[in-house]
Trainee: 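A single structure is presented below for examination.
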Number of protein chains: 2
Amino acid sequence: MILDRVIELRKRKRWSLQFTADQLGIAKSTYAGYESGYRRPSLEAIKCIADLFETSVDYLIGRVDTPTFPPEPERIKQLELTQFSEAELTVDGKPLSDEEINQFIAFIRSKREIERMKV
Amino acid sequence: MILDRVIELRKRKRWSLQFTADQLGIAKSTYAGYESGYRRPSLEAIKCIADLFETSVDYLIGRVDTPTFPPEPERIKQLELTQFSEAELTVDGKPLSDEEINQFIAFIRSKREIERMKV
DNA sequence: CTTAAAAGTTCGCGTAAAGCGTACACTTTG
DNA sequence: CAAAGTGTACGCTTTACGCGAACTTTTAAG
């Protein structure tokens, strides 16, 4: 967890350690331990913290740099088939099953494998 | 952590527990414990898992419903394969050629045709 | 079918560390 | 000046993480 970020979020709200800990339902010393880096929050705890401060867990641990939550939309340029997104693929308007997509992925992979062997 | 989501992500990549655990640098039983719900990953561990599966921690713990990372690209509800250029399709990060997509479309079409004949 | 290897499941043990209460220094408010 | 509030530090207890090992199930090869 990025200590500076949690501290920043709390100070912005002008909350004391005690008050924050009460909100989270944990002991003051426990929460203080998080901010000092003396202890690390459990998965459950950090989820509560993110909820409380209305930010993302990914922000708290430094995987993204924007504290906004829910995350800002972005423009998409490419779609990775092996990552199941919510985008539904269709052919002639009819949706493809996961099975079909997986078959296609397998097909492409072996195709590339064979291509690799040739060289 | 949402067990179904982690399991789904791993199966998508067709990885075994052992292989996945190796990638993460932990024991097979440890990772298996996560998926079965017997153990909960530490903050550090779930971060590694999110990195490995290229998704967000918030998705893994159910705070958002879109697995894509960086977070929440604009949602595409449907992508019609016969109309190119809406987005570039990739498998394992490598883009697919138009020819490959066309082959796939042809494959799906004949598959459906055969299905239709049966009935 | 037989059988060996790989994949997946479960569990006891040792121990790292989470969480708590408490104690202390310092600041603020009445 | 007390009295209450804030932040920091630490010992103790208990939780539960991570591991290896034993085991069952599935897959693949002969």
Side-chain angles (χ1 to χ4, degrees), chain A residues 1-53 55-63 82 84 98-99 101-103 105-107 109-111 113-114 117, chain B residues 1-53 55 57-63 92:
Chain A
M1 193 165 60
I2 311 289
L3 308 182
D4 297 342
R5 293 190 175 177
V6 203
I7 297 171
E8 169 78 17
L9 287 166
R10 179 173 62 84
K11 296 233 156 132
R12 209 169 268 277
K13 299 220 178 204
R14 319 227 161 159
W15 289 350
S16 69
L17 292 174
Q18 183 69 68
F19 179 80
T20 308
D22 289 345
Q23 297 283 312
L24 296 169
I26 61 178
K28 177 180 72 164
S29 62
T30 300
Y31 180 76
Y34 299 159
E35 282 198 2
S36 69
Y38 179 68
R39 291 263 185 269
R40 297 189 176 189
S42 67
L43 210 49
E44 197 55 43
I46 203 170
K47 182 177 171 177
C48 293
I49 294 172
D51 285 340
L52 188 63
F53 291 131
T55 189
S56 70
V57 173
D58 289 280
Y59 176 73
L60 292 178
I61 65 178
R63 292 187 82 237
T82 59
F84 74 111
D98 287 353
E99 176 77 328
I101 294 171
N102 280 333
Q103 281 177 5
I105 291 168
F107 166 69
R109 279 177 172 160
S110 56
K111 184 165 169 292
E113 185 62 21
I114 291 167
M117 301 291 271
Chain B
M1 192 166 61
I2 312 288
L3 309 182
D4 296 342
R5 293 190 175 177
V6 202
I7 296 170
E8 172 76 18
L9 286 165
R10 179 174 61 84
K11 298 233 157 134
R12 280 272 158 181
K13 301 223 178 204
R14 321 237 153 134
W15 290 351
S16 69
L17 293 173
Q18 184 69 67
F19 179 80
T20 309
D22 289 345
Q23 297 282 312
L24 295 169
I26 60 179
K28 177 179 73 163
S29 61
T30 300
Y31 181 77
Y34 300 157
E35 283 197 1
S36 70
Y38 179 69
R39 290 268 185 265
R40 300 192 175 183
S42 68
L43 210 48
E44 196 55 41
I46 204 171
K47 183 177 170 177
C48 293
I49 294 172
D51 284 340
L52 187 63
F53 291 131
T55 188
V57 173
D58 289 280
Y59 175 74
L60 292 178
I61 65 178
R63 291 187 81 237
D92 301 325

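Lettering of chains follows the sequences in order, A, B, ..., and the numbering in each one begins at 1.
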Trainee: Nearest heavy-atom pair of K28(A) and L17(A): which atoms, and what distance?
Mentor: CG-CB, 4.1 Å
Trainee: Taking salt bridge (charged side-chain N to carboxylate O under 4.0 Å, His left out) as the criterion, tell me which of R10(A), K11(A), R12(A) meets it with E8(A).
Mentor: R12(A)
Trainee: When you compare the side chain of I46(B) with that of Y34(B), does any pair of heavy atoms fall below 4.5 Å?
Mentor: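 In short, these two side chains do not touch, never coming nearer than 4.5 Å.
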Trainee: Take the protein atom CD of Q18(B) and the nucleotide atom C1' of dT27(D), then report the distance between them rounded to whole Å.
Mentor: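 About 16 Å, once rounded to whole Å.
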Trainee: Rounded to the nearest 0.5 Å, how far does CD of E44(B) lie from CG of L24(B)?
Mentor: 11.5 Å
Trainee: On DNA chain D, check which nucleotide each of S29(B) and Y38(B) is closest to and give me the residue with the more 5' one.
Mentor: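 Residue closer to the 5' terminus by nearest nucleotide: Y38(B).
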Trainee: Rounding to an integer number of Å, can you tell me how far L17(B) CG sits from dT27(D) P?
Mentor: 14 Å
Trainee: Rounding to a whole Å, what distance do you find between I7(B):CD1 and dA7(C):C1'?
Mentor: 14 Å
Trainee: Can you tell which of I49(B), L3(B), I2(B) makes a side chain to side chain contact (heavy atoms under 4.5 Å, CB included) with L60(B)?
Mentor: I49(B)
Trainee: Of all heavy-atom pairs between Y31(A) and A21(A), which one has the smallest distance, and what is that distance?
Mentor: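 Looks like CB-CB, 4.0 Å.
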Trainee: Separation of I26(A) atom CD1 from dG21(C) atom C1', in whole Å?
Mentor: 14 Å
Trainee: Is it true that a side-chain atom of D58(B) and a backbone atom of R63(B) form a donor plus acceptor pair closer than 3.5 Å?
Mentor: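 Not a single qualifying donor-acceptor pair exists.
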Trainee: Give one of base, sugar-phosphate or nothing for T30(B), where a contact means two heavy atoms less than 4.0 Å apart.
Mentor: base
Trainee: Taking R5(B) for its side chain and Y59(B) for its backbone only, find out whether a donor-acceptor pair lies under 3.5 Å.
Mentor: yes
Trainee: In residues 39-51 of chain A, which ones come under 4.0 Å of DNA chain D, going by heavy atoms?
Mentor: none
Trainee: For each nucleotide in nucleotides 23-30 of chain C, reading 5' to 3', give B when a protein heavy atom comes within less than 4.0 Å of its base, S when such contact involves only the sugar-phosphate, and - otherwise.
Mentor: --------
Trainee: Distance check needed: dA9(D) P versus E35(A) CD, whole Å only.
Mentor: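 Whole-Å distance recorded here is 13 Å.
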Trainee: Between R10(B) and dA7(C), is there a contact of a side-chain N or O with OP1 or OP2 at under 4.0 Å?
Mentor: no
Trainee: Nearest whole angstrom, please: distance from the P of dG20(D) to the OH of Y31(B).
Mentor: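 Answer to the nearest Å: 18 Å.
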Trainee: On the nucleotide dG18(D), are OP1 or OP2 found under 4.0 Å from the side-chain N or O atoms that Y34(B) carries?
Mentor: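 Yes, Y34(B) has a side-chain N/O under 4.0 Å of OP1/OP2 on dG18(D).
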Trainee: Is atom CZ of R40(B) surrounded by more than 12 heavy atoms (other residues, nucleotides or ligands) closer than 6.0 Å?
Mentor: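 Open.
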Trainee: Could you check how far CG of L3(B) sits from C1' of dT9(C), rounded to whole Å?
Mentor: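 It works out to 14 Å between those atoms.
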